[in-house]
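Structure, as structure tokens:
Chain identifiers are assigned alphabetically (A, B, ...) following the order of the sequence lines, protein sequences preceding nucleic acid strands; residue numbering begins at 1 within each chain.
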Amino acid sequence: MQSLFIYNTLTRKKEEFKAINPPFAGLYVCGPTVYSDVHLGNCRTFISFDLIYRYLLHLGYKVRYVRNITDAGHLEGDRDEGDDKFAKKAKLEQLEPMEIVQKYTVGFRDIMREFNTLPPSIEPTATGHICEQIEMVKEIIKNGLAYEINGNVYFDVEKYSKGFNYGQLTNRKLEELLEGTRELGGQDEKRGRLDFALWIKAKSETIMRWPSPWGWGFPGWHIECSAMSRKYLGDTFDIHGGGMDLQATHHTNEIAQSQACYHKTPVNYWMHTNMLTVNGVRMSKSAGNGFLPGELFTGNHPLLEKGYAPMAVRFFMLQTHYRSTLDFSNEALQASEKGFERLMEAYKTLQSLKASANSSENIAAIQSKCYEAMNDDFNTSILIAHLFDAVRIINSANDGKLNLTQADIDLLKILYNDFVFDVLGLKAESGNERLDTALQKVMDLMLEIRSKAKTGKDFKLSDEIRDKLIAAGIQIKDTKEGTTWKV
RNA sequence: GGUCCUGUGGCCGAGUGGCUAGGCUCAGCUCUGCAAAAGCUGCUACAGCGGUUCGAAUCCGCUCGGGACCUCCA
């Protein structure tokens with residue numbers, strides 16, 4: 001197996017990936033909170049981890065990829081007060097909380113399918129794992145690192161810090177963290193400023209509630225991931241991922257919960273993907289600058305000049321390394337769309353390439369460079385640069401400007417299958433098959449008419465056909481072998 | 001306020017102490033009835049000021065700008 005290097009947030013270094021129990025690998029990614037539509041920023045994270053999942057699979061790992069659905073436990077507003085997000089949304093839309101969950105879970109999966117992400121091995125829900133969460137909370141209390149007050153259970157961060165490094169994931173000391181925290185409110189019942197809720201007491205109007213040793217209530221946000229990752233991947237597993245915004249709070253607390261519960265570090269490699277920005281500012285629900293994937297596909301948004309196909313958007317995202325911020329703009333999308341089309345056109349060209357007896361190119365070198373790029377912390381920017389080398393070679397060979405043997409052509413096909421389709425997860429946009437066939441026949445007819453016009457030097461007619469086809473979104477090109485077209 | 005990240009050509013984006021990705025755009029050329037496509041060529045950049053070095057966009061310091069986290073967020 002190739003040696004793969006992964007940037008580990010825990011150590012702030014690239015480290016060689018050593019699976020605990022190869023060829024198996026465990027991957028846990030914090031999934032969406034399904035109380036509203038996922039925006040494009042959310043999608044970026046899941047596309048990034050889809051790439052990581054795909055590459056691990058490609059390298060031969062048997063990956064168990066767990067991505068949770070948060071369908072309870074998230075609180076609206078500040079601190080551990082306020083309504084459950086689902087309950088609030090449910091009131092707003094006059095639906096049951098579980099209707100909200102269903103609606104946005106289905107929407108999320110649809111979008112993920114559009115982006116051609118592979119479904120995770122397991123998609124556990126928070127509400128489906130209340131027992132496991134309660135058990136963990138009980139254990140943490142037993143170990144003296146959590147306490148109950150009035151039906152709420154809190155994690156005792158300062159006490160935990162005596163034995164463990166609470167801020168290790170963000171490289172921060174407890175004192176620094178305490179300084180950055182707000183003053184405790186007068187009514188706050190927590191002992192320490194940094195303490196966070198493991199279990200929250202239900203109010204009289206709370207709909208989503210479960211019985212617990214501390215009375216009716218619901219779990220805190222962080223405990224679900226600890227409980228579910230442990231259940232499906234074990235006490236310590238290989239990779240845990242999520243957006244960078246989860247690093248300081250959510251993931252920091254996950255480590256603390258696991259350590260406090262069973263005294264093991266839960267994760268060997270922490271991976272964090274960077275944010276999608278709009279005009280340099282992070283896209284987020286609260287900032288109101290979110291794009292919905294649907295708006296992007298249709299172009300129905302004030303900042304967009306046109307719609308973009310899901311695969312063009314996926315390609316756009318993969319052109320940037322996952323740990324860099326990616327700025328969203330019309331121009332950048334258009335550039336990516338064209339690049340993506342060129343990449344896919346070359347694949348079509350490749351299918352009809354004629355082999356020469358000798359070769360002037362070293363395709364194997366490109367292939368090994370592709371692996372090098374991916375093995376260096378999933379560097380898709382560089383991978384794509386190498387793939388465009390292949391594109392240039394394919395097009396030049398098609399122009400007869402250089403020679404490829406059949407072995408070269410076969411290797412190029414492998415390169416496309418491995419990296420463009422399997423690893424990057426790109427695919428040609430395919431429409432309705434019956435329509436495609438019908439369109440093909442119509443186009444054959446049109447081009448025949450135009451060809452006759454050209455033979456008869458009736459360029460006025462031939463140009464008129466071409467211009468009107470372009471207006472209809474169909475581009476044609478005349479070559480020595482005949483005329484081809486594409487939508 | 002604290003902690004941290006970042007500033008690359010017209011745009012988007014990689015990057016290693018020396019060999020200066022890639023995509024898009026623009027201009028020219030080849031091909032072509034004209035286009036389109038493709039190929040080739042050109043536009044050759046690293047915020048500013050100092051320092052280390054034979055040599056720095058890459059290391060160090062300062063200045064300026066942008067951002068993230070510290071509060072729900074992928």
Side-chain angles (χ1 to χ4, degrees), chain A residues 12 29-33 36 38-49 74-80 82 85 167 170-173 175-182 194 221 241-250 272-277 279-287 290 315-316 319-321 323-340 342-343 345-346 349 369 373 376 379-389 391-392 394-402 454 457 459 462-463 466-467 470 475-480 483-486:
Chain A
R12 284 163 294 282
V29 173
C30 293
T33 304
S36 64
V38 285
H39 65 242
L40 214 58
N42 302 312
C43 295
R44 185 187 179 198
T45 296
F46 302 127
I47 289 171
S48 294
F49 281 105
H74 251 188
L75 293 173
E76 188 74 52
D78 219 8
R79 316 286 280 185
D80 300 318
K85 281 184 173 174
T170 44
N171 195 24
R172 300 178 71 179
K173 296 188 179 72
E175 304 82 67
E176 293 169 1
L177 288 164
L178 280 167
E179 274 172 31
T181 318
R182 297 175 193 178
L194 294 170
W221 172 36
M244 269 184 185
D245 51 347
L246 300 182
Q247 184 180 330
T249 309
H250 185 56
H272 290 96
T273 57
N274 217 319
M275 300 290 111
L276 182 66
T277 61
N279 297 323
V281 180
R282 175 186 163 193
M283 185 181 286
S284 71
K285 284 173 190 167
S286 47
F315 182 74
F316 162 71
Q319 272 189 301
T320 306
H321 187 79
R323 281 191 290 112
S324 300
T325 54
L326 168 60
D327 200 58
F328 178 91
S329 73
N330 225 15
E331 296 74 29
L333 272 168
Q334 261 164 28
S336 292
E337 183 181 54
K338 290 209 173 171
F340 173 65
R342 201 154 85 86
L343 187 67
E345 277 303 304
T349 307
K369 281 183 191 168
D376 183 16
N379 197 322
T380 49
S381 300
I382 293 187
L383 168 65
I384 289 169
H386 293 316
L387 290 173
F388 275 105
D389 274 348
V391 167
R392 200 196 71 249
I394 291 167
N395 286 329
S396 293
N398 191 45
D399 288 353
K401 286 174 181 154
L402 53 80
K454 276 175 68 179
K457 302 272 183 202
F459 294 124
S462 72
D463 286 355
R466 185 176 62 197
D467 293 345
I470 285 171
Q475 191 173 75
I476 61 176
K477 50 183 171 179
D478 296 325
T479 68
K480 286 186 183 113
T483 303
T484 63
W485 61 278
K486 66 167 185 168

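- Contact check, A:Lys401 against B:C40: no side-chain N or O comes under 4.0 Å of OP1 or OP2.
- For A:Thr349 and B:A38, the shortest distance from a side-chain N or O to OP1 or OP2 is not below 4.0 Å.
- Taking atom C1' in both B:U25 and B:C12, one finds a spacing of 11 Å when rounded to whole Å.
- Distance A:Met275 CE to B:U6 C1': 15 Å, rounded to the nearest Å.
- The gap from the P atom of B:U58 to that of B:C72 amounts to 38 Å, rounded to the nearest Å.
- Here, B:C46 and B:G28 have their C1' atoms 27 Å apart, quoted to the whole Å.
- For the P atoms, the distance from B:C40 to B:G23 is 10 Å, rounded to whole Å.
- Regarding contacts with the backbone of B:C72, every side-chain N or O of A:Ser284 stays at 4.0 angstrom or more from both OP1 and OP2.
- One finds no side-chain N or O of A:Asn398 lying less than 4.0 angstrom from the OP1 or OP2 phosphate oxygen of B:A38.
- Taking the side chain as every heavy atom from C-beta outward, A:Thr380 and A:Gln319 never approach each other to under 4.5 Å.
- As rounded to the nearest Å, B:G15 and B:U6 have P atoms that lie 11 Å from one another.
- Nucleotide B:C4 holds its P atom 15 Å from the CE atom of A:Met244, rounded to whole Å.
- Residue A:His39 places its side chain closer to B:A74 than to any other of B:A74, B:G23, B:A14.
- Contact annotation: the side chain of A:His272 never approaches that of A:Asp245 to less than 4.5 Å [non-hydrogen atoms, C-beta and beyond].
- Here the side chain of A:Arg172 pairs no donor or acceptor atom with the backbone of A:Ala248 at under 3.5 angstrom.
- Side-chain contact between A:Met283 and A:Met275 is absent, with no heavy-atom pair separated by less than 4.5 Å.
- Look at CG on A:Leu276: it is 14 Å from P on B:C12, rounded to the nearest Å.
- Counting only distance, with no hydrogens or angles, the side chain of A:Ser48 and the backbone of A:Arg44 share a donor-acceptor pair below 3.5 Å.
- Taking only side-chain nitrogens and oxygens, A:Arg342 never comes nearer than 4.0 Å to OP1 or OP2 of B:A37.
- Note that the CG atom of A:Leu326 and the OG1 atom of A:Thr277 stand 6.5 Å from one another [nearest 0.5 Å].
- Taking every side-chain heavy atom of A:Asp399 into account, B:G39 is the closest of B:C11, B:G39, B:A74.
- Residue side chain A:Arg466 reaches the base of B:C34 through a donor-acceptor N/O pair under 3.5 Å, judged by distance alone.
- Listed pair A:Thr325 / B:U6 fails the phosphate criterion, with no side-chain N or O lying under 4.0 Å from OP1 or OP2.
- Taken from CG in A:Asn171 to CZ in A:Arg12, the straight-line distance is 3.5 Å, to the nearest 0.5 Å.
- Nearest-nucleotide assignment on RNA chain B puts the 5′-proximal partner with A:Val281, out of A:Val281 and A:Gly242.
- For the P atom pair drawn from B:G10 and B:C43, the interatomic distance equals 13 Å after rounding to whole Å.
- In this entry the distance linking CG of A:Leu383 with C1' of B:G23 reads 13 Å, nearest Å.
- Taking atom NZ of residue A:Lys338 and atom C1' of nucleotide B:A37, one finds them 12 Å apart after rounding to whole Å.
- At the phosphate of B:G15, OP1 or OP2 sits under 4.0 Å from a side-chain N or O atom of A:Asn379.
- Among the heavy atoms of the strands lying under 4.0 Å from A:Ser462 is at least one base atom, whether or not backbone atoms are also near.
- Panel note: side chain A:Ser329, backbone A:Ala332; a donor-acceptor pair is recorded below 3.5 Å.
- Side-chain proximity of A:Ala385 to the nucleotides B:A74, B:C24, B:G22 is greatest for B:G22.
- From A:Gln334, atom CD reaches atom CZ of A:Phe316 across 11.5 Å, with rounding to the nearest 0.5 Å.
- Closest to the side chain of A:His321, from the set B:C70, B:G23, B:A14, is B:A14.
- With rounding to whole Å, A:Ile384 atom CD1 is found 11 Å from B:G23 atom P.
- We find that the ring of A:Phe388 and the base of B:G23 do not stack by the test of centres under 5.5 angstrom and planes tilted less than 30°.
- When rounded to the nearest whole Å, the span between CZ of A:Arg323 and C1' of B:A68 equals 15 Å.
- With hydrogens and angles ignored, the 3.5 Å screen pairs no side-chain donor or acceptor of A:Asp376 with any backbone N or O of A:Asn379.
- For A:Asn395, whose side chain is taken as the heavy atoms from C-beta onward, the closest listed nucleotide among B:G39, B:A74, B:G23 is B:G39.
- A close approach under 4.0 Å does occur between a side-chain nitrogen or oxygen of A:Arg392 and OP1 or OP2 of B:C40.
- B:C60 and B:C4: their P atoms are spaced 14 Å apart (whole Å).
- Taking the ring-ring contact (aromatic ring centres under 6.0 Å, His included) definition, one finds that A:Phe340 meets it with A:Phe315, sequence neighbours left out.
- Following rounding to the nearest Å, A:Lys454 (NZ) and B:A35 (C1') show an atom-to-atom distance of 10 Å.
- For RNA chain B, runs of at least 3 consecutive pairs of the Watson-Crick or G-U wobble type, with both hydrogen-bonding distances under 3.5 angstrom, map to B:1-7 with B:64-70, B:10-12 with B:22-24, B:26-30 with B:38-42, B:47-51 with B:59-63.
- For A:Asp463 against B:G33, a side-chain-to-base donor-acceptor contact under 3.5 Å is present.
- Candidate nucleotides B:G33, B:C12, B:U25 were compared by shortest atom distance to the side chain of A:Ala332, and B:C12 ranks first.
- Taking for each of A:Phe328 and A:Phe46 the nucleotide of RNA chain B with the nearest heavy atom, the 5'-most of the two is the partner of A:Phe328.
- Backbone-only contact: A:Ser324 has heavy atoms under 4.0 Å from sugar-phosphate atoms and none from a base.
- At B:G2, none of the side-chain N or O atoms of A:Arg172 fall inside 4.0 Å of OP1 or OP2 (strictly under the cut-off).
- Nearest nucleotide to the side chain of A:Asp327, out of B:G13, B:A14, B:C24: B:G13.
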